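On a predicted model such as this, the values are computed, not experimentally measured, just so you know. A note on names: the letters A, B, ... follow the listed sequences, proteins ahead of strands, and every chain is numbered from 1.
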Amino acid sequence: YAAWAAGLFTLLGLAQLAPRIPAVFDGHTTIERWEWMPASGLDLVFRLDGLGLLFALLILGIGLLIVLYARYYLSARDSMGRFYSYLMLFMGAMLGIALSENIIQLLVFWELTSIASFLLISYWQHREDARQGARMALAITGAGGLAMLGGFVLLGEIAGSYELSVILASGETIKAHPLYLPMLVLVLLGAFTKSAQFPFHFWLPNAMAAPTPVSAYLHSATMVKAGVFLMARLFPALSGTPEWSWLVGSVGLATFLVGAFIALFQHDLKGLLAYSTISHLGLITVLFGIGTPLAAVAGVFHIINHAIFKASLFMAAGIIDHESGSRDMRRLNGLWKYMPHTALLAMVAAASMAGVPLLNGFLSKEMFFAEAVSAGTHFQLGWLLPAVITVGGIFAVAYSFRFIHDVFFNGEPIDLPKTPHEPTRWMKIPVEFLVALCLLVGILPALTVEPILYVAATGLLQTTPPDFDLAIWHGVNPALVMSVLAMLGGGVLYAFRARLFACHEKYCGRIVGKQLFDGLMSALFALARGLTALLDRGTLQRIVLSFVLSVLVLGVAGFLGSGSPLTGQRGLLPLDGISLIAAIGLILAAIGTVVMHRERFTALVLIGAVGLVVALIFVKFSAPDLALTQLSVEIVTIVLLMLALYFLPQRPARQSGNPRVLRDVAVAAAAGMGAGLLAWSVLTRPYETIAGYFLDNAKPGGGGYNVVNVILVDFRGFDTLGEIAVLALAALGIFAMLEHLHLPAPRSDSQGRPWNWDMHPAVMASLTRLLLPLALLVSIFILLRGHNLPGGGFIAGLVTAVALIMQYLANGVTWTQSRLPGNMHPVIGIGLLIATLTGLGSWLVGHPFLTSTFTYLDWPVVGKFEVASALAFDLGVYLVVVGATLLILIHLGLMHSTSQERSQLPEEGR
Amino acid sequence: MDYLLSFLIVTGAAFTFIGSLGLARLKDFYTRLHGPTKATTLGVGCVLVASAVYFSLHEDGISLHEILVTLFLFITAPVSAHLLSKAALHQQLDSLTPRKGKADSNLNERR
Amino acid sequence: MNHLVIAPVLLPLLAGLVLLLLRPLTIGPRRLLSLLAVAAQVLLAILLLRQVGGGDILTYALGDWAPPFGIVLVVDRLAAWMLLVTALLALFALLYGVRGIDTRGRHFHVLFQWQLFGLNGAFLTGDLFNLFVFFEILLLASYGLLLHGGGRLRTRAGLHFVVINLAGSTLFLFAVGTLYGILGTLNMADLARQVAMLPPEHLGPVKAAGLLLFGVFALKGALIPLHLWLPGAYANTSAPVAALFAIMTKVGAYSILRLDTLIFGAAAGSLSGLISGWVLPLALATLVVGMLGVLAATALRQQIAYLVVASVGSLLTAFGLGSSAGIAAGLYYLPHATFAAGAFFLLAGSISRRRGEHDDHFLPGVMLTDRIVLGTLFFLVAVLIAGLPPLSGFIGKWLTLKAAVDHAWMPWVLAVVLGTSLLAVIAMARSGNVLFYRSEAPEANRPTVRTERLSRELLPAAGLVALCLALVIWAGPVDEFTRATADQLLAPETYVRAVLGTDLAPGVRPGVEP
Amino acid sequence: MIETALYIAFTLVGLAVALAFWRLLRGPSAPDRILALDTLYVNTIALLVLFGIHLGNNIYFEAALLIALMGFVGTVALCKYLLRGDIIE
Amino acid sequence: MNRLLPHPLLTLVLALIWVLLVNELSAGAIILGLLLGWAIPLFTRAFWPERVAIRRPLTLLRFIIVVLGDIVIANFVVAGRILLGPRHVHPAFVAIPLDLETDLAISLLANTICLTPGTVSAQLSPDRSQLLVHALNTTDPEDVVRTIKQRYEAPLKKVFES
Amino acid sequence: MEALVSLVIGVLTACGVYLALRARTFPVVLGLTLLSYAVNLFLFTMGRLTIGQPPVIDAAAGGYADPLPQALVLTAIVISFAMTAFVIMLSLKARAELGNDHVDGRDDR
Ligand code: NA
Ligand code: NA
């Protein structure tokens, strides 16, 4: 069914095309547009002119034959659906190339053909060569496509539009633009890679791992023509400059020669055809490179002819492979006897390839020779061009001879897997049809091909094409002489093949593009691995180091680049003794932490002192709330660190060598200097802030005297909501993370002493119990007064938490846990909910989220007191802090007991 | 009244200082422990009382909440000291006194 | 006052809260609730996008305190765009997550919702310190999510991720502090105003702070050399989380764009262009380094992680061009890169669980079950990621190149973007080849995968791919929107006027009586 | 008068702080350092209260209260660590 | 009574402390203090399983006064030793046999020892029969034992354990 | 005084950075803690140094310190507390799962 559907699809395409053909022959260019990205100049625009029509017909016509052929070529084990859907994807994309008006759109289809080609080459996925060939083709044509994208972007910029109508009309502007050469190179890279031009040709032979219908269709008739199509398409806009001629001409010529030369030495039938295809593509390229209108017409003509004879040759080769089980010409011999019909067809097509008169290949080759001769008259040593081309022609004839003689004659087949025989009728029909075309065009060019060639040339040149004469006999002229020389030379060359092959084996066997490509690829991968490993060692130290260094570079660059002074003009505060003592103490303790960080307990005690002095600094510089917070956080942090320290090695071995330590000291010192100088530069500068507003509005607008607290719960309550969400998240994250965690508890301390027997010293236990109500009272006090005096929900929450931690410390987990609500999740949830709902409450009275309100109540006996929504918010904060802190600590405290007695775990739901 | 205040302030500070001096100066942990736990409680106590007096005089209404801190320190400081010496014994820190066998043998535990 | 502005922040917060309080419920209803909440966020984002599509800038003064004194939420086109991208990505990531991964650890849904809380807040806030707070929310949620499910490598990656981000948060505060210390404000619009009238003798600290802030955002965005945290973190977490993380680097990119266009934008006088001078070279270098990492990767998820690095390079290359067209190209590329990476991570999850002990390593393993479907999807994603036509990656790349044409760095941009695209093609071809074509282990080794309804398993990844397709089909409207967005960003005075009600020109600070 | 007293007091307490720091850094044993830290906390209370009198503002009273509480918890926890390793068991 | 008001004494103490905390003597403060003094014990009931009974308040008061006086003396004594220098310190460990049985009483004794002349309670034996005390400066350990037992342990025994 | 505070900030930063560059989790955590002290102080001092003028509205006050940085630092302290707690627990988890306390899980002792 897949084949039927594909056939139907192709016919449908032809049917769509048919009604539009007459307009083209009338000289009109049909443009159809669907808006896509008009603002960026990319619409879906299709253009049907002669050139496009010619290609569309080739694509659909040969496509239809291939669909038929492949139906019988593929075996029952192959997935027809997959094959045909890829094939149709390709056909659609190829049509898209032929019919695009917008070059970006053209590129889209262009890359799609590469993708389709990749899929089709790797169709037999189990074969290594298929996979490699597909990847190579994708890499090369993909690279070209990308270059072309660059070229097209430049072209669009130069021409002011991506649409061919504009581009083709502004050839003069384009050629005069300073970006012409880079643009040209990029565009041509695309074309050359796609059309397998030297030195990018080597992907094509490797693509022969594809099923033969694919080779016939994509890799000879259509896709590889996309490159030359592009040269034809952009011919009026880009050609006619020396750059064009030299680039296109020389690459084409090299390709023509190299392809023809290598083709002769291929033993694989498809290999020969592949290199021959390369050579012919070179031929066409040379024609476009010559740059005259007539040469371009010849180029188009050869595109048609090559598509016809090469497709039939590939199909014939496919038949031979299919029916004999081999493509090796050293084993294939004398097939004339086994499959005379196929042999005849193949021989006619091969003759056309060789340029034998009365066949279509002869006509375009004659034009090619003629154009080469006339082009050669325009520069010094111009005779070299026809001479060199004749040499190429000799090889072309020789490999064509080989194709005929080595396969169908030359003795008996050697050791073939199958006994060859004629294929089914339906497999031959496409070949017959194409060979018939070879003959028809070859004998009656004016009746068959001339009209379509004429409109195609019109489309190509965007003007009336020059007169051309498709006669078989032009009289004796240089071109005919070249043809004859090629024929004779080819025959002679083939006659001496044995010696030639030996010679080739000896000297040229090694130089294969594939190996070069593979080497390049492995070098690329090695480079990638090397560079990546150099940067990304997967170590945290590297990550942190690169961060610190980057930050230093950024900060220094920022400051130095500004040219402003380090120190500002602000008056400074005098120094006093106590501050000095405290600061020195802090600095020594901090340095002590660093120096003694391997004695972890000591480091911990020292960092406690650092935290205390930080709190003192807050006190000194008028921040009581901060001091309270810092003090509470400090203790909880130290308790946490101790809980952790229990499970970590106490005195680890020294890790870093001296060089690393020195480096880190230098980096750290630089970072410290940076931070200190930045602080200095700001502290010494005068400033003006929005703070006045808060001081003015805290009481009248926020109902509190403690401006810091009013900012926290009111002016910037949203920050606080986020902050408690962070705390809640930390608790939940820790809870989730510690689940199922088992840590071996050390049985002795760092000096190897076993732990003390006294789990809960009685003195501590009984007196801390005494402290609990006291501490709770203090925490409520701090909560309630926060709005007007230092304090607030956060500090209160921490005090409560610390009071409860004290119980854990003194009386143990089991004892305390049994006296507290087991599950802290609801506490966190409700706290956050209260805070959020307090914020949402303001919606009810038509204010934005978190708008506060407060009022004064005057109750008998109690007196006048303030009720503020901010207090509810602070209560939420309080609950989250208590819940989160306890959830974290308790769970950690429980951790080592989990391994022993899981049953004691408080039930925390998922 | 200023004299009383000044006296309290200086006395308190002096005791605080002496406590820390003991911490710095004495030769073994157990003796060092005495300084801070005692001297500082009284030292800080004096300063707190000074504060109470000062704010009772200088602001309307008496200020007695400083007593809370004092009370709190009186409850906690001995517990800290007790635990510290317990820890020091556990770590078998050297003492200036040769420990008497009788006193320790049953105390210097191993459960 | 339009409560819709704050809805994308409150909805996930409340959803997470309700999910937290409803823990006793079975997983079914909670999954449904979580999904509904995310779906509602998609709707909210669309509603907001419609409201700001015409060029209006919506503001929301929290607590009814006028900016710059209170915190203000601001929705312009960019913010709405980011919200929509986030919500869509989250929806599909969650759809994948509810297929069982969510029960491999605690609190998945709460963390997920609050991750969105943080993300949405970061996109909406107009206050620099509030941005810090939302960064912390999204980071903490991401820590939890990253570690979800546990495991050796995941824990190590988590440790690295957390530590470096803590360092980043510290730097953020240094930068914010310095800006406040000199400019005396935190509101981003007000900062823009103050920067515009900064006396030259104070340039130093502000410049340093601006670049430090850029450093923070570059860390989040994984610009080299600050990208080193990303490969480990993204490669070792669970599939839905990695997919969701595809947006995390974009938060960094978003912040860089805001910083660059608003605070150090066109009106910033001598500070104008402070950031953009660094963005383009670093972005190009990131693209190269990222793509080399893609080539060097030895496992699929590692490769995708490097692709994320590379995509940041691409994105910031576009932003770094600084022109309207460049920014627009970046804004087109942003959802593409996000969805594509998300889809790829989800797909990688499905692939690796079918490869048994080979996991996602690039070793010839067993022939995959469901090879055709997975292969097709892989192919589509590879085409997307490699930026091949006709999918959105190509359009984004083309738009970037187009914008680069008249930039002084054009040759570099062209060379790097095209060169790295080739590397991507090569790398993707190799990965597909190893994972789908080569099978050297006997069939018997194939892990038995519970293939409960393949369509359901692949729906999320396919959905993300479909979103990329939508980006192609509706490329026109998207293109127009992103161009309008870019124009809006390049006219920061409209933003400032919408927030502060005053012009960017020097003047008295509103609300402060002399 | 009071100012002079305060000046003397600040000097004495400052010296006390310095001595406590000295012991903290010097050690030599872990209990010594804990004791030094505890002393530091207590000295800080004195410092705060003196500072409050000096400023004529008792807004720092709660800080003193909290230092007392937190210093105690810290000391207890550190001692417990030395004794048992696991402080919450 | 027991369920609703677990520790009436504590309630009063807390109310008093509350008034001290807010540092103002007003009706509002007292009412709130009583309220909290009632609520907090209720909440922490589980932490105080047994009601603390004080048998002889007067003995307790006298004990407190004695201790306060001793604290002052102790401070001067210790201060003197410290100022004199390390050479004037003769420390010793002394084991005190205990008659007290309840944890609270033992703890209070330990505390008192710490606060008073030259002694720090160092360690309680596992069976709670002995308290090891470190004396800063003593030549006669027996005297230390005697003083502690008579001056502090006896009144505590009377107040809490009779 | 400003110089002293700057010095303190610088030293704290330097110590923090040095410890954050160590190879074991515990010093890294200590380093991050020191860094958070440094940055909290830094942020706080951005409101400049003011002695004896806490931002609590009081008729007798001669002036007020800038309250905004204080509020910001309060938020920052809480957040860094949450973060520190998280990283401490994570280091334990790493210890359990990786078998040692190296930040990369390498045990090359
Ligand atoms: Na042969
Ligand atoms: Na990309």
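Contact annotation for Tyr143(C): both backbone and side-chain heavy atoms come within less than 4.5 Å of a heavy atom of chain F. Both the backbone and the side chain of Thr178(C) come within contact range of chain F, judged by heavy atoms closer than 4.5 Å. Of the two parts of Ala94(F), the backbone and the side chain both hold a non-hydrogen atom closer than 4.5 Å to a non-hydrogen atom of chain C. Only the side chain of Thr13(F) comes within less than 4.5 Å of a heavy atom of chain C; its backbone N, CA, C and O stay farther away. Only the side chain of Leu186(C) comes within contact range of chain F, with at least one heavy atom under 4.5 Å from a heavy atom of that chain.
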(Q) With side-chain contact (heavy atoms from CB on, under 4.5 Å) as the criterion, how do Leu147(C) and Phe86(F) come out once you've worked through the C-alpha distance, each side chain's angles and the decisive distance to 0.1 Å? (A) CA-CA 12 Å; Leu147(C) 293 165; Phe86(F) 196 91; 3.9 Å; yes
Q: Carefully, step by step, assess Ile79(F) and Phe132(C) under the rule side-chain contact (heavy atoms from CB on, under 4.5 Å).
A: CA-CA 10 Å; Ile79(F) 287 175; Phe132(C) 165 77; 4.0 Å; yes
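Note that the CG atom of Asn165(C) and the CE atom of Met83(F) stand 8.0 Å from one another [nearest 0.5 Å]. Between the CD1 atom of Ile9(F) and the CZ atom of Phe174(C) there is a distance of 7.0 Å, given to the nearest 0.5 Å.
Distance alone, capped at 3.5 Å, is enough to place a donor-acceptor pair between the Arg48(F) side chain and the Gly181(C) backbone.
The shortest heavy-atom contact between Tyr180(C) and Met46(F) is CD2-O, 4.3 Å. Counting all heavy atoms, side chain and backbone alike, Lys93(F) lies closest to Thr155(C) at CE-OG1, 3.6 Å. Summarising the geometry of Glu97(F) relative to Arg152(C), their closest heavy-atom pair is OE1-N, 3.3 Å, with the distance given to 0.1 Å. Scanning both residues, Leu32(F) and Ala167(C), for their nearest heavy atoms gives CD2-N, 4.4 Å. Considering all non-hydrogen atoms of both residues, Thr25(F) and Leu159(C) come closest at CG2-CD2, 3.7 Å. What you find for Val103(F) and His160(C) is that their closest heavy atoms are O-NE2, 3.0 Å.
Between chain C and the options Leu98(F), Asp66(F), Leu72(F), Val28(F), heavy-atom pairs under 4.5 Å are most frequent for Leu72(F). In terms of heavy-atom pairs under 4.5 angstrom with chain C, the leader among Val73(F), Thr45(F), Leu90(F) is Leu90(F).
Exactly one of Leu43(F), Thr75(F), Leu35(F) qualifies for a side-chain contact (heavy atoms from CB on, under 4.5 Å) with Leu173(C). That residue is Leu43(F).
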